[in-house]
J.: 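Quick one: this structure, given as structure tokens, is what I'll be asking you about.
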Amino acid sequence: MKLVTLLTDFGTADGYVGAMKGVLLRSVPDVRIIDISHDINAFNYRQAAFALLNYAFEYPKDTVHIIVIDPGVGGQRSGLVVETTDHYFIGPDNGVFSFIYQRQKFNAYEIVLSELQSNITSTFHGRDVFAPVASKILSGEDITNFCQPAQHLSSFYSNYEMLDEKQIRLKVLHVDHFGNLIFNFTRADWQELGQPENVQVRINHSFLSGIKETFADVKNQELLLMWDSQDFLQIAQNKGSAAKILRLREGDCIILKLP
Amino acid sequence: MKLVTLLTDFGTADGYVGAMKGVLLRSVPDVRIIDISHDINAFNYRQAAFALLNYAFEYPKDTVHIIVIDPGVGGQRSGLVVETTDHYFIGPDNGVFSFIYQRQKFNAYEIVLSELQSNITSTFHGRDVFAPVASKILSGEDITNFCQPAQHLSSFYSNYEMLDEKQIRLKVLHVDHFGNLIFNFTRADWQELGQPENVQVRINHSFLSGIKETFADVKNQELLLMWDSQDFLQIAQNKGSAAKILRLREGDCIILKLP
Amino acid sequence: MKLVTLLTDFGTADGYVGAMKGVLLRSVPDVRIIDISHDINAFNYRQAAFALLNYAFEYPKDTVHIIVIDPGVGGQRSGLVVETTDHYFIGPDNGVFSFIYQRQKFNAYEIVLSELQSNITSTFHGRDVFAPVASKILSGEDITNFCQPAQHLSSFYSNYEMLDEKQIRLKVLHVDHFGNLIFNFTRADWQELGQPENVQVRINHSFLSGIKETFADVKNQELLLMWDSQDFLQIAQNKGSAAKILRLREGDCIILKLP
């Protein structure tokens with residue numbers, strides 16, 4: 001099974017994603033192409049990193065994941081192939097693989113452009129570099145034929161901060177499609193702290209207490225703390241957008257009070 | 001041919017749809033996944049019900065249609081498998097299958113979560129319940145292994161109302177992408193009334209008379225009554241949006257005058 | 001390999017694209033369907049023509065490209081099959097194939113609706129005409145069985161204008177997803193003019209000079225002239241939208257000064 005997934009910020013209306021698919025199909029006739037999204041906000045590699053975590057590990061062994069969010073195309077940033085036990089990840093080096101580095105054992109390679117046969121423009125490496133590299137991997141070519149060990153890997157993940165015994169500072173990692181606010185604090189982190197029941201958050205005029213199981217544990221329009229589908233702590237609103245209510249954005253901080 | 005279609009309100013940018021596809025591909029390697037849409041407005045099961053009618057019956061026998069619009073996830077609403085002569089429909093019970101119940105013979109089952117082997121979160125039944133159930137059906141497993149007969153089925157369809165011999169009240173079922181207003185009155189309903197030629201509608205300052213064959217039967221920007229591609233009566237504007245001009249929305253009513 | 005690509009302005013949320021896919025899968029069970037985009041702006045065949053150029057020629061031999069932007073559905077416009085050496089193009093005649101006519105040898109055919117067995121509505125030729133025609137071609141049926149030679153082909157492409165020896169007038173062909181402004185002037189045109197180095201453009205308070213290699217050749221937020229991925233001249237902004245800054249739109253003209 002030759003499976004490749006595509007995640008970009010290209011939108012679809014310009015046909016650029018269509019071009020990448022054509023390159024893949026021309027070089028690997030039996031490839032199966034799975035669209036993840038082309039609606040990542042322009043240049044938002046942090047949003048893409050979070051999305052990647054949501055789907056990457058659900059895929060069968062040897063799936064090739066292509067992720068192209070590429071504000072630095074044509075500049076100095078390198079192109080990467082990250083190989084984990086089960087998957088390959090291909091894309092520009094800009095932090096989009098932060099969660100992969102954190103959660104998996106991996107080998108990281110830097111693509112050597114001069115080893116690719118294709119004609120490489122300075123504006124469209126999705127078509128000219130990353131799709132051809134995926135085709136080579138899907139065809140079983142040895143990565144070291146067109147890559148060298150990576151010298152540098154960008155990452156943006158930071159751990160939560162312990163302010164004192166009763167307070168920790170959390171940062172908004174991501175605001176999802178429904179306006180849920182997702183923080184750099186996982187169920188595992190919480191378990192290490194002894195699973196405190198009565199954690200509390202106060203933001204503007206809102207007060208949240210305890211970590212709920214599900215939306216339905218609170219009334220319509222009410223805010224709650226809960227674990228998201230990847231076991232990050234999130235603030236959600238039942239049938240609404242927590243981000244709109246609380247006016248919080250990616251990068252903003254809150255204080256979580258421990259009992 | 002193991003064919004599954006996907007309709008959700010998830011958007012694609014969070015990778016949640018990508019996760020569902022991964023689950024399907026991991027369990028059924030030869031599955032073919034067809035994206036219908038992930039742009040249904042959040043929680044709008046009525047919009048999804050209408051879309052479903054537009055595509056479901058075009059598919060080959062044994063296609064599995066997954067539809068996840070799920071404001072009630074984690075709460076009391078049940079998950080359904082609806083089996084018709086040719087197709088399977090899987091998703092939460094919220095009215096999204098209203099037109100299926102109306103137009104097809106069917107058997108409806110309620111998914112028994114405890115019969116699924118997967119780890120089920122309270123927030124993401126698309127990945128944890130509906131994709132695994134689709135995989136079981138595609139793999140030929142007996143539905144009764146993980147389902148019981150459904151006790152309750154939600155539906156929102158209502159027939160048009162006869163006010164008197166000369167007037168019937170119609171409701172806007174749906175506003176489509178182009179701003180066409182689609183009503184709960186079908187070509188079959190009209191034939192039962194004797195196919196009256198000179199039906200009339202008066203809305204604000206607009207007056208429509210007769211049911212046209214096609215957009216080109218009126219001038220640019222002009223409004224018209226016509227049959228939509230599913231034989232529902234619609235008000236459309238040639239090269240424009242009837243919904244914007246008339247300021248009508250889903251659920252609004254109009255009076256159709258008979259001659 | 002039976003490969004079909006889909007480009008429309010239907011959006012996905014109404015299920016119309018889903019219906020076209022169902023028709024294809026029902027008639028050609030081993031067809032492989034590739035989504036290009038369904039987010040073309042409503043009725044914008046010029047945007048679609050440009051997108052088409054970006055992907056069409058990347059595809060394997062015998063790929064069938066379906067393009068449905070169709071404001072004239074149900075009226076007098078004809079439906080076309082355009083056959084080039086390697087590909088088939090199917091869709092309504094409205095100029096969407098302008099670049100194909102310009103860059104490839106082709107035979108153009110007009111679809112004869114009465115030769116199709118399907119029930120043809122006046123509103124949805126994507127499902128009732130173009131998908132069935134694609135199925136016939138994918139199944140190896142002779143085009144002349146359901147087509148006749150085309151009498152008329154719409155095109156909107158115009159060459160740049162030479163005002164005098166020092167000035168040429170260019171038109172905005174297209175504004176892409178990132179706000180890049182793409183003009184009717186190609187690298188080949190420039191080479192014919194002797195590859196002048198110091199071309200200049202003055203728009204409002206902005207002054208651009210020389211054709212750069214890549215975004216990274218200028219500072220953040222700065223504007224530049226460069227070749228796009230199809231070798232059209234474009235004005236871009238490094239990490240921003242040139243269209244927003246310059247307030248230019250499709251169809252607007254600028255003067256390029258030669259040295």
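Chain identifiers are assigned alphabetically (A, B, ...) following the order of the sequence lines, protein sequences preceding nucleic acid strands; residue numbering begins at 1 within each chain.
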J.: Between A/L25 and C/M1, what is the shortest heavy-atom contact and its length?
T.: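 Closest heavy-atom pair between A/L25 and C/M1: O-CE, 4.2 Å.
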
J.: When rounded to the nearest 0.5 angstrom, what distance separates CH2 in C/W227 from OG in A/S122?
T.: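 Spacing of CH2 (C/W227) from OG (A/S122) equals 12.5 Å.
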
J.: Got more than 12 heavy atoms from elsewhere within 6.0 Å of NZ, A/K61?
T.: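 Enclosed: over 12 neighbouring heavy atoms sit under 6.0 Å from NZ of A/K61.
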
J.: Return the minimal non-hydrogen interatomic distance between C/Q47 and A/A13, and the atom names on each side.
T.: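 Heavy-atom minimum between the residues: NE2-CB, 3.7 Å.
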
J.: Any donor and acceptor pair, going by atom type alone, linking the side chain of C/Y59 with main-chain N or O of A/G18 inside 3.5 Å?
T.: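 The answer is yes, because a donor-acceptor pair under 3.5 Å joins these two groups.
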
J.: So, A/K21 side chain and C/D35 main chain: donor-acceptor pair closer than 3.5 Å or not?
T.: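 Answer holds: yes.
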
J.: Taking C/L3, C/L52, C/T5 one by one, which has the highest count of heavy-atom pairs under 4.5 Å against chain A?
T.: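 The candidate making the most pairs under 4.5 Å is C/L3.
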
J.: Let me confirm one number: the CG-CG distance from C/D39 to A/D39, rounded to the nearest 0.5 Å.
T.: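 Taking CG in C/D39 and CG in A/D39, the distance rounds to 6.5 Å.
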
J.: Answer yes or no: are there more than 12 heavy-atom neighbours, outside C/K105 itself, under 6.0 Å from its atom NZ?
T.: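 No.
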
J.: Output the option from C/A236, C/A216, C/A56, C/P60 having the highest count of non-hydrogen pairs under 4.5 Å with chain A.
T.: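 When all of C/A236, C/A216, C/A56, C/P60 are compared, C/P60 has the most.
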
J.: Taking CD in A/Q76 as the centre, count heavy atoms belonging to other residues, nucleotides or ligands within less than 6.0 Å. Is the count above 12?
T.: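 No.
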
J.: Roughly how far, to the nearest 0.5 Å, is CZ of C/R32 from CZ of A/R32?
T.: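 Atom-to-atom, A/R32:CZ and C/R32:CZ are 9.0 Å apart.
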
J.: Which answer fits A/V17, side chain, backbone, both or neither, if we ask what part of it has an atom under 4.5 Å from a heavy atom of chain C?
T.: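 The answer is neither part of A/V17.
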
J.: Give, as side chain, backbone, both or neither, the part of A/D9 having an atom under 4.5 angstrom from any heavy atom of chain C.
T.: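 For A/D9, backbone and side chain are both near chain C.
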
J.: Do side-chain atoms of C/N54 reach the backbone of A/D14 as a donor and acceptor pair under 3.5 angstrom?
T.: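 Such a contact is found between C/N54 side chain and A/D14 backbone.
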
J.: Please state whether the rings of C/F178 and A/F10 are parallel, tilted or perpendicular, taking 30° and 60° as the class boundaries.
T.: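 Rings of C/F178 and A/F10: perpendicular, over 60°.
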
J.: Might you confirm whether atom CD of A/Q148 has over 12 heavy atoms from other residues, nucleotides or ligands at distances under 6.0 Å?
T.: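 Enclosed.
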
J.: Are more than 12 heavy atoms, taken from residues, nucleotides or ligands other than A/Q221, located less than 6.0 Å from that residue's CD atom?
T.: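 Check passes, neighbour count above 12.
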
J.: Between atom CZ of A/F124 and atom CD of C/Q230, what is the distance when rounded to the nearest 0.5 Å?
T.: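 Here the rounded value is 9.0 Å.
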
